[in-house]
Amino acid sequence: MSEWWKEAIGYQIYPRSFNDSNHDGIGDINGIREKLGYLKELGVDFIWLTPIYQSPNFDNGYDISDYYEIAEEFGTMGDFKALVKEAKALGIKIVMDLVINHTSNQHHWFQKSRQNETNEYRDYYIWHEPVDGQPPNDWPSIFGGSVWTYDEVRKSYYFHAFAKEQPDLNWNCQAMKEELFQMIEWWIEQGVDGFRIDTISHIKKAAWETHVDKEHPLKNYQNVAGIEEYLRELSAILKKHGVFSVGEASGVLADEAEKWVGEDGYFNMIFEFEHIGLWRKSNGELDLSTLKDALVRWQEACGVGRGWNALYMENHDIPRSISVYGNDQPEWRTLSGKAIGMMYLLLQGTPFIYQGQEIGMTNTTFQEIAEINATDTIYRYHELLEDGYSQEAAMSLLSSITRDNARTPMQWNDSEYAGFSKRQPWMKVNSNKAFVNVAAETTDEDSLLNFYKQLIELRKEHRVFVDGTFTNYETGNEVVFCYNRKNQEDDFTIIVNLSGQPQELTMLEACRQQRVVLSNYPDQQVTILQPYEARLIANP
Ligand code: GLC
Ligand code: CA
């Protein structure tokens with residue numbers, strides 16, 4: 001079976017914020033069609049679309065009310081088919097988001113399930129009688145509050161790992177699973193090449209009597225023993241059709257990599273969560289060595305023949321990487337963005353680029369709660385107010401960590417709404433669109449966008465980045481990440497200073513004669529790495 005995904009570059013699109021073709025302020029499918037040429041030019045081989053299905057948008061599409069319909073604001077099934085066709089003509093594959101841990105509470109399955117205990121949908125969700133008038137246990141949900149909500153109609157509690165508007169499906173119910181599997185096959189028939197599978201590590205729950213573990217509050221419904229049975233059933237469907245799969249797998253650690261993504265793994269690759277915490281030390285500083293260690297652990301766990309990595313530094317749920325790991329001030333933005341880009345794009349695995357990452361989009365400042373859309377941030381805001389925070393203090397805490405930072409409109413040019421739309425978009429535009437935008441970076445040879453293109457070309461030119469070994473070099477310096485990629489033809493060293501300070505590294509003396517293939521500085525000093533300096537060195 002073809003393993004095209006091993007050589008591919010993935011690009012994640014958050015359609016609501018990508019490009020608005022009919023100028024109603026919301027990005028749409030036809031907007032994506034308009035930008036296929038841009039994606040091709042960048043070197044993208046497949047796009048992953050976050051959910052475009054019908055949804056009341058309580059969690060922006062991650063609450064699906066009909067798996068077979070396209071949300072009206074995104075377009076029609078005809079538009080989707082045209083997108084698939086045009087993308088394929090350019091050699092770009094389409095990956096859909098599969099949200100099958102939960103649905104919207106507006107889904108007709110849920111509406112029927114709550115009616116009574118005798119209809120055919122009764123077991124599609126997780127219901128539990130009150131225990132002494134209380135919820136069955138003390139587990140907290142991911143978006144805040146209890147995982148249990150009482151339903152007046154059925155006079156029973158239902159389970160939700162996320163918001164109460166997102167009831168969890170019951171993976172013990174065979175009929176429910178059959179419907180999900182049919183739905184998956186239907187999308188494959190529509191020409192979809194694969195799936196990103198949302199929150200899949202949550203589908204199995206521990207025994208209801210288990211108490212919450214305060215240290216690991218999600219433990220009772222995250223990667224719980226027994227999940228493998230469900231995953232094997234799902235995996236069998238995906239494998240039967242030979243479609244690509246990447247699971248979102250919070251709580252899965254590197255020592256389980258083989259089970260999840262090895263030769264007989266459930267998926268081709270997973271998005272692990274170990275490297276994306278903000279890694280703040282107790283004094284508020286970034287702990288770059290923890291980031292490095294997590295990346296190295298996954299690289300070593302998934303060597304060639306033992307599994308496969310999904311490489312990512314951003315997605316729609318986390319703040320912008322330059323603002324977190326680099327420096328988003330104008331004089332450092334491009335330099336630090338290049339360092340992050342080189343660090344992760346040349347690792348072993350399939351790289352994913354999140355829209356706008358390639359032009360170095362950054363966090364923005366959210367001043368008031370009215371500017372926020374993310375349900376989890378709004379919940380947290382009200383919690384903070386209850387804890388005595390002022391509105392300003394709460395906003396200043398949340399502004400840099402809210403996932404809305406990743407959802408501001410894509411910056412295509414410097415016009416009023418950044419070329420995303422002619423009308424006020426659903427989410428505010430970052431004011432740095434004046435100089436951070438596709439048009440400006442296309443013409444600037446030294447831009448981050450052109451650096452990303454070079455890195456992608458290198459990946460495609462040298463197979464070593466696909467099938468070569470990975471070896472970590474201990475530099476003895478916490479903030480310098482240095483590794484080697486090697487196969488029969490090539491031998492490269494990648495060395496990146498992740499900090500904003502110069503770093504002295506005497507081991508570089510040994511590379512004095514070696515050729516620097518690509519760097520974010522025009523000149524290199526022998527044993528000093530400049531702030532955020534990244535070098536790709538060809539070893540003889
Ligand atoms: C995943 C999605 C996130 C969503 C959550 C609930 O983590 O990436 O955006 O809110 O699942 O579906
Ligand atoms: Ca639109």
Test salt bridge (charged side-chain N to carboxylate O under 4.0 Å, His left out) applied to [X] - qualifying residues, sequence neighbours left out:
| X | result |
| --- | --- |
| Lys259 | Glu256 |
| Lys205 | Asp168 |
| Glu248 | Arg196 |

Residue pairs, two or more places apart or on separate chains, that pass salt bridge (charged side-chain N to carboxylate O under 4.0 Å, His left out) and touch [range]:
| range | result |
| --- | --- |
| residues 364-375 | Glu371-Lys428 |
| residues 177-192 | Lys177-Glu233, Glu185-Lys240 |
| residues 384-394 | none |
| residues 139-163 | Arg114-Asp151, Glu152-Lys155 |

* Residue list, side chain to side chain donor-acceptor pair (under 3.5 Å) with Tyr68, at least two apart or on another chain -> none
* Asked: Is it true that Asp193 and Lys88 have a side-chain N and a carboxylate O under 4.0 angstrom from each other?
  -> yes
Expected list for residues 69-85: side-chain donor-acceptor pairs under 3.5 angstrom, two or more places apart:
unit_1 : atom_1 : unit_2 : atom_2 : d
Glu73  : OE2    : Arg16  : NH2    : 2.7
Glu73  : OE2    : Asn57  : ND2    : 2.7
Thr76  : OG1    : Gly78  : N      : 3.2
Thr76  : OG1    : Asp79  : N      : 3.0
Thr76  : OG1    : Asp79  : OD1    : 3.4
Thr76  : OG1    : Asp79  : OD2    : 3.4
Asp79  : OD2    : Thr76  : N      : 2.9
Lys81  : NZ     : Gln190 : OE1    : 3.2

Determine whether a donor-acceptor pair (N or O, by modelled atom type, separation under 3.5 Å) exists between the side chain of [X] and the backbone of [Y].
| X | Y | value |
| --- | --- | --- |
| Glu258 | Arg306 | no |
| Trp148 | Asp138 | no |
| His23 | Lys422 | yes |
| Asn430 | Lys433 | no |

* Value rounded to 0.5 Å, distance of OG1 in Thr199 from CD1 in Ile100 -> 8.5 Å
* Is the distance between the ring centroids of Tyr221 and Phe159 less than 6.0 Å? -> yes
* To do: Anything under 30° is parallel, anything over 60° is perpendicular, the rest tilted; go ahead and classify Trp187 against Tyr53.
  => perpendicular
* To do: List for me each residue that meets ring pair (Phe, Tyr, Trp, His ring centres under 6.0 Å) alongside Tyr125, sequence neighbours excluded, and say none if there are none.
  => Phe110
* All ring pair (Phe, Tyr, Trp, His ring centres under 6.0 Å) counterparts of Tyr157, not counting sequence neighbours -> Tyr150
* Asp328 and Ser323: which non-hydrogen atoms are nearest, and at how many Å? -> OD2-OG, 2.8 Å
Listing, residues 375-385 side-chain donor-acceptor contacts under 3.5 Å, not counting sequence neighbours, or none:
unit_1 : atom_1 : unit_2 : atom_2 : d
Asp376 : OD1    : Arg403 : NE     : 3.0
Asp376 : OD1    : Arg403 : NH2    : 3.3
Asp376 : OD2    : Arg403 : NE     : 3.4
Thr377 : OG1    : Thr402 : OG1    : 2.8
Tyr379 : OH     : Gly145 : N      : 3.2
Arg380 : NH1    : Glu383 : OE1    : 3.2

* Asked: Among Asp59, Asn101, Asp63, whose side chain to side chain donor-acceptor pair (under 3.5 Å) with Gln166 holds?
  -> Asp59
